[in-house]
Amino acid sequence: MPINDSATLVVGSGNYLTAPVGTPMPADLLTPTSPWQTVGHTSLEDVFGITSEGGEATTIGSLQNKSLRTKYSARTETMTFTLQQFDTAALRLYFGANSPILPDGSVGVPTNPEPTQSGFLAIFVDGENHFAFYAPRSEIYRADDMAIADTESLAGLPLGVKPMAHGSNSWTYAITPLGGVLATGATAGSPGAFTPDGATVPADLGALASVIATPTAAWATGQHVVLGDAAKAHWTGTAWAAGQAV
């Protein structure tokens, strides 16, 4: 992996947003538009974290090889941040989406709280760079107990965001890489490679449209490149096609 100075991150500012489940990631992360809405003020100190449960490794062996394979249990991840706003919307994120609004306007704490289901987006800005976590579907609920420690700092509501699989997606959340360079070329191989070195792999067959193949003649049998969706593609001599060359 080459050294890439532009891929480092120092968070200068950020924002957390929610939208209805399935809402696509905004085209412009710096100016997300409706239906994305910010959750409000958040902690300057406890900016963001990811905790996980599961993922334990189990070694599986045979009589001939005691350490033949390793199997991992499912892992559940939770994104955490601290909300520092105590309006109705914020309180319902913390205490439950089914928190009733009482006649006097106060928020009731339900006996059987339900998490808020929504799309989730966390955006962090570092100068001209920006970095994001995006979950098309998530469950938002309290991550820890609330405590008001002193009279000089803002009180907070610790929230946890659990990304969930949405539709036919094989992933629960996406992360935008920093310092990425779009691939401009693809060299034949088994598999081949994209150029320049360290370039972002095209997401799918359609993303290969502007990529120049080397050689420009039809690739030999078995040659291909692997795309971001794990599919294979090859150059026919006139166009990109799915699968490896035959």
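This structure is a prediction, so every number in the text was calculated from the model and none was measured.
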_Would T80 and I50 count as a side-chain contact (heavy atoms from CB on, under 4.5 Å) here? Give the steps._
CA-CA 6 Å; T80 58; I50 297 179; over 6 Å; no
*Determine which pairs satisfy ring-ring contact (aromatic ring centres under 6.0 Å, His included) with at least one residue from residues 83-114, sequence neighbours left out, and list them in order.*
none
*Should the heavy atoms of other residues, nucleotides or ligands under 6.0 Å from CD of Q117 be counted, would the total exceed 12?*
yes
*K66 atom NZ: more than 12 heavy-atom contacts under 6.0 Å*: yes
Return all side-chain donor-acceptor pairs below 3.5 angstrom for residues 51-59, not counting sequence neighbours, or 'none' if the list is empty.
from : atom 1 : to  : atom 2 : distance (Å)
S52  : OG     : R75 : NH1    : 2.8
E56  : OE1    : S73 : OG     : 2.7

_Proximity of Y16 and F81 rings by center, below 6.0 Å_ = yes
*asked:* Is the distance from the ring center of F124 to that of F48 below 6.0 Å?
replied: yes
Can you find a pair of side-chain heavy atoms, one from [X] and one from [Y], that are under 4.5 Å apart?
X    : Y    : result
E77  : K162 : no
V201 : V226 : no
P136 : W171 : yes
L29  : V125 : no
L91  : L157 : yes
T82  : L159 : no
I101 : T88  : yes
P26  : T33  : no

Can a side-chain donor-acceptor contact be found between [Y] and [X] if the only test is distance below 3.5 angstrom?
X    : Y    : value
E114 : Y141 : no
N65  : S62  : no
T238 : T236 : yes

Count I, L, V, M, F, W, Y as connected when their side-chain heavy atoms are under 4.5 Å apart, and connections chain through other members. Are [X] and [Y] then in the same cluster?
X    : Y    : result
I175 : L178 : yes
L44  : M79  : no
V47  : I123 : no

Mind checking the [atom1]-[atom2] spacing from [X] to [Y]? Nearest 0.5 Å is all I need.
X    : Y    : atom1 : atom2 : result
I140 : R92  : CD1   : CZ    : 13.5 Å
T18  : F120 : OG1   : CZ    : 8.5 Å
S190 : H234 : OG    : NE2   : 12.5 Å

Which heavy atom of [X] sits nearest to which heavy atom of [Y], and what is that distance?
X    : Y    : value
W219 : A213 : CZ2-CB, 3.9 Å
W240 : I212 : CZ2-C, 4.5 Å
L9   : F131 : CD2-CD2, 3.9 Å
T195 : A186 : OG1-N, 4.2 Å
A90  : L83  : CB-CD2, 3.3 Å
G108 : S99  : O-CB, 3.1 Å

Has [X] got a side-chain atom pairing as donor or acceptor with [Y]'s backbone, closer than 3.5 angstrom?
X    : Y    : result
N98  : N112 : yes
R137 : V21  : no
T116 : L93  : no
D150 : S153 : yes

*Taking the inter-plane angle between the rings of Y173 and F133 on a 0 to 90° scale, is it parallel (under 30°), tilted (30 to 60°) or perpendicular (over 60°)?*
tilted
*Step by step, would you call M164 with E139 a side-chain contact (heavy atoms from CB on, under 4.5 Å)?*
CA-CA 7 Å; M164 313 290 285; E139 291 188 348; 4.2 Å; yes
_W235 vs T214, test: side-chain contact (heavy atoms from CB on, under 4.5 Å). Steps then yes/no._
CA-CA 9 Å; W235 180 250; T214 302; over 6 Å; no
*asked:* What verdict does the side-chain contact (heavy atoms from CB on, under 4.5 Å) test give for D126 and V11, after you've listed the backbone C-alpha separation in whole Å, the side-chain angles of each residue and the deciding distance to 0.1 Å?
replied: CA-CA 5 Å; D126 175 11; V11 174; over 6 Å; no
*For residues 19-31, which residue pairs qualify under side-chain hydrogen bond (donor to acceptor under 3.5 Å, both in side chains), counting only residues two or more places apart or in two chains?*
D28-T31
